[in-house]
2 protein chains.
Amino acid sequence: MNIGQVAAASGVSAKMIRYYESIGLIPKTARTESGYRVYSDHDVHTLRFIRRSRDLGFSVEQIADLVSLWQDRDRASKDVKAIALDHVGVLERKIRELQEMASTLKHLAAHCHGDARPHCPIIEELANDGAAPLPGKPDAKFGALGKGPGR
Amino acid sequence: MNIGQVAAASGVSAKMIRYYESIGLIPKTARTESGYRVYSDHDVHTLRFIRRSRDLGFSVEQIADLVSLWQDRDRASKDVKAIALDHVGVLERKIRELQEMASTLKHLAAHCHGDARPHCPIIEELANDGAAPLPGKPDAKFGALGKGPGR
DNA sequence: CTTGACCTTACCATGATTGGAAGGATTACA
DNA sequence: TGTAATCCTTCCAATCATGGTAAGGTCAAG
């Protein structure tokens, strides 16, 4: 199979397949004489695994760990579970952060008339010089949960 | 005031102040003879406004709009409210997405013994070739809620 | 043998932020 | 006054996963 067919079969774009290969997440594959990458059904399987992991928000680094555990017949399930639960923790922290932002904003918006007049509690809160703490100050990396810069 | 003092007073790093200037979010400020940027209390106020907006997860683009509405005495509060509610929508969509991921993972983890044996429903689900849909496939940009690549 | 669909590599862009290097300015202190 | 420490300046690079584009080679069908 060529890369396009594997991409279609796995749900991972050809771009990303090459990228995953370049960073070592998947091994370098065989090539035809003319340089085309050649894949097997097994590769499709692996790429599906990777895509599903990404869909659950795992980072590439974590996915590398998951793939190697997957392929390790002697793995300990606790190692997998640890990765999963660690990620759950990250997700839940992020969820809380976003919820705080949303709730603050909804509260402010509820008190904003939303008409043609300039008075607006939202702007006032943002401009508030008093140190009333705004919630949700994000404190850690979390860049890659969305599927990259959509646009 | 120099940039360092403004940074400390506003909670926006000197790096980011220069960056905001470079992209036009804040105007180019005056310089001393030797090229140092010079700021006023008013600039601190503006930067605090910006920082608070960021803390609520607004993008730089939205912040630009908010700042200009803030400085517009004739603004319509509905314009502010629209930006806020639009952002709430984005936040809530993201929250739902993350919640689906977390809930799937928690469910799977709950059925994983987490011991030294290899059997693991988490890995099995990731490897599942049947098309049982995994939730939370993120579909849009959302990169910038966390505070950038930590580390 | 041409056309079109595919493949290749190599860059560039995204978004917000941090990091560092190399060098000039200012301040504090002996 | 000298000098060291601390600031400031600009420029470049990296993050993370992904998409885009361009320039060129390959392959299959007509």
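- The closest donor-acceptor contact from the side chain of B:Arg75 to the backbone of B:Val80 lies at 3.5 Å or more, if one exists at all.
- When the C1' atom of C:dT17 is taken as reference, atom CD1 of B:Ile50 falls 15 Å away, rounded to whole Å.
- The listed nucleotides are D:dA17, C:dG19, D:dG20; the one nearest the side chain of B:Lys15 is C:dG19.
- Neither OP1 nor OP2 of D:dG19 sits under 4.0 Å from any side-chain N or O of A:Tyr19.
- Remark: P of C:dG15 and CZ of B:Phe58 are 17 Å apart, rounded to the nearest angstrom.
- As rounded to whole Å, 14 Å separates atom C1' of C:dC6 from atom CD1 of A:Ile17.
- Rounded to an integer number of Å, the gap from A:Arg18 CZ to D:dG19 C1' is 12 Å.
- To the nearest angstrom, P of D:dC16 lies 13 Å from CE of A:Met16.
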Let me check something: any side-chain donor-acceptor pairs from residues 27-37 of chain B under 3.5 Å, sequence neighbours excluded? List them with distances.
unit_1	atom_1	unit_2	atom_2	d
B:Thr29	OG1	B:Val38	O	2.6
B:Arg31	NH1	B:Gly35	O	2.8
B:Thr32	OG1	B:Ser34	N	3.3
B:Thr32	OG1	B:Ser34	OG	3.1
B:Thr32	OG1	B:Gly35	N	3.4
B:Thr32	OG1	B:Tyr36	N	3.1
B:Arg37	NE	B:Glu21	OE1	2.9

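- Closest to the side chain of B:Ser13, from the set C:dT18, D:dT9, D:dA17, is C:dT18.
- Comparing C:dT8, C:dA16, D:dA17 by their closest approach to the side chain of A:Ile3 singles out C:dT8.
- Listed for the B:Arg48 side chain is a donor-acceptor partner under 3.5 Å among the backbone atoms of B:Ala9.
- Listed by residue number, the members of residues 24-41 of chain B with any heavy atom below 4.0 angstrom from DNA chain C are B:Ser34, B:Tyr36.
- Between A:Phe58 and A:Asp65, the closest side-chain pair of non-hydrogen atoms is not below 4.5 Å.
- Per the geometry, CZ belonging to B:Arg51 stands 16 Å off C1' belonging to C:dT17, to the nearest Å.
- The nearest whole Å value for the distance from the CD1 atom in A:Ile23 to the P atom in D:dT15 is 11 Å.
- The side chain of A:Tyr20 contributes an N or O atom lying less than 4.0 Å from OP1 or OP2 of D:dT18.
- The existence of a salt bridge linking A:Lys94 and B:Glu97 is excluded, since no basic side-chain nitrogen approaches an acidic carboxylate oxygen closer than 4.0 Å.
- Side-chain atoms of A:Tyr19 and A:Leu25, non-hydrogen and from C-beta on, never get closer than 4.5 Å to each other.
- Counting only heavy atoms from C-beta on, A:Arg54 has its side chain closest to D:dA17 among D:dA17, D:dT9, C:dT9.
- A donor-acceptor pair under 3.5 Å is formed between the side chain of B:His87 and the backbone N or O of B:Leu56.
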